There are 2 protein chains.
Amino acid sequence: MNFDLEGKRRNIEKTLAQREDREEVYRALGDLAERMSRSRHDRDAPVREIMARLGDRWSPLILVILETGTYRYAELRRLVCILASEQNISQRMLTLRLRALERDGLVVRTVTPTVPPRTDYALTPLGQELQKLMNMLIGWISSHEADIEAARSRFERQDD
Amino acid sequence: MNFDLEGKRRNIEKTLAQREDREEVYRALGDLAERMSRSRHDRDAPVREIMARLGDRWSPLILVILETGTYRYAELRRLVCILASEQNISQRMLTLRLRALERDGLVVRTVTPTVPPRTDYALTPLGQELQKLMNMLIGWISSHEADIEAARSRFERQDD
DNA sequence: CTGAATCCGTTTTGATACTG
DNA sequence: CAGTATCAAAACGGATTCAG
């Protein structure tokens, strides 16, 4: 049972011929591209999943709030609603987003089985690290808001 | 000037109970929270919009590719499809994402009205700056993939 | 209080065909 | 080549109801 990698690669190259050679593209585009699509190529890959979380409607707000401390479910919900004046987060969504963040190890959920029950949410160390990066990102974007708005109005004008 | 965090939090709870005072929450949660929801509170705010772009299905791939140079429409499409082996990007989606990135000033579109037409896409300086931050983020996430996967299997186990 | 379950509308995305 | 138009599918999000 031999495992001829090189032959395998030639095989791939042949199969995909001139066109779709992934490895070739990786070499051309660098490892960043590879990280985006490596290992599992669907959107469950951690890189894509986390980035999707950071871009969704509620998770960023939740993370920003949890960065400042530990909160109970209802407390957290109130704060999220205030930050997102646009609209209130539904219980359903809050639960879903928290579960997703917990699943990826960014948030811990501590249940105290009293009556009535009490559940506390907080960032894990991993979540805190990520949040630091997020803060840089948010900081950068908000310091370039003017550029972005300018680009937008330029774009709209040219559209007429 | 003392800095009674616990008291501050209790204070928040009280204020919120009566009337949801946004300014109070901003002070408690810091300017990051404010940046997330300031100025325009819907999702058109640059901060939210850009973060949504970075989290969507195609934009990150497009940005990673454009970071390496200037590409024509069809070229770009081919590369995106290779990176996203899961599925091919539709022309429609490619066009929509490129327009959105262009609108926010991250991408320039240069049309040469020959026959057949030629359109080139590239990052703007703003887009390149953002891409640097993105790379840090991608780098961090992919270097913590193991932690995330571990958290996931822990989560699944506990679920049974 | 902290959710889970269900139903349903909206938004986002995709497949396909067509065009200057 | 570089799109647009149209229709269909799927994901997302929300309101409501119920439960431990």
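Here is how names work: the chains are called A, B, and so on, in the same order as the sequence lines, proteins then strands, and each is numbered from 1. Bear in mind the structure is a predicted one, so any value in this text is a computation, not a measurement.
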Rounded distance (Å) that lies between atom [atom2] of [N] and atom [atom1] of [X]:
| X | N | atom1 | atom2 | answer |
| --- | --- | --- | --- | --- |
| R77(B) | dC1(D) | CZ | P | 11 Å |
| M93(B) | dT12(C) | CE | P | 10 Å |
| R118(B) | dG3(D) | CZ | P | 12 Å |
| R97(B) | dT11(C) | CZ | P | 15 Å |
| D56(B) | dT11(C) | CG | C1' | 14 Å |
| L96(A) | dA15(D) | CG | P | 14 Å |
| E75(B) | dA2(D) | CD | C1' | 13 Å |
| L94(B) | dC1(D) | CG | C1' | 13 Å |

If the condition is side chain to side chain donor-acceptor pair (under 3.5 Å), which residues does [X] pass it with, not counting sequence neighbours?
| X | result |
| --- | --- |
| Q131(B) | N135(B) |
| T95(B) | Y73(B) |
| R118(B) | D120(B) |

Suppose the criterion is ring pair (Phe, Tyr, Trp, His ring centres under 6.0 Å): which pairs have a residue in residues 90-140 of chain A, not counting sequence neighbours?
W140(A)-H144(A)

How far does CZ of R97(B) sit from CG of L61(B), to the nearest 0.5 angstrom?
12.0 Å

Gap between atom CG of D147(A) and atom CD of E145(A) - 0.5 Å precision:
10.0 Å

Within the side chain of T70(A), is there an N or O that forms a donor-acceptor pair under 3.5 Å with the backbone of A122(A)?
no

Going 5' to 3' along nucleotides 15-20 of chain C, which nucleotides have protein heavy atoms under 4.0 Å from the base (write B), which only from the sugar-phosphate (write S), and which from neither (write -)?
B-B--B

Run the salt-bridge test on R152(B) and D104(A) with the 4.0 Å N-O cut-off and return the result as yes or no.
yes

Assess whether a salt bridge exists between E156(B) and R103(A), defined as any Lys/Arg side-chain N lying under 4.0 Å from an Asp/Glu carboxylate O.
yes

Below 4.0 angstrom from OP1 or OP2 of dG14(C), is there any side-chain N or O of W58(B)?
yes

N/O (side chain, Y121(A)) to phosphate O (OP1/OP2, dG3(C)) under 4.0 Å
yes

Under a 4.0 Å heavy-atom cut-off, which of residues 99-112 of chain A touch DNA chain C?
R99(A), R109(A)

Where the side chain of R57(B) is defined as all heavy atoms beyond and including C-beta, which of dG14(C), dT2(C), dG14(D) is the nearest nucleotide?
dG14(C)

Considering only side-chain heavy atoms of R72(A), which listed nucleotide, dT13(C), dT2(C), dA2(D), is closest?
dT2(C)

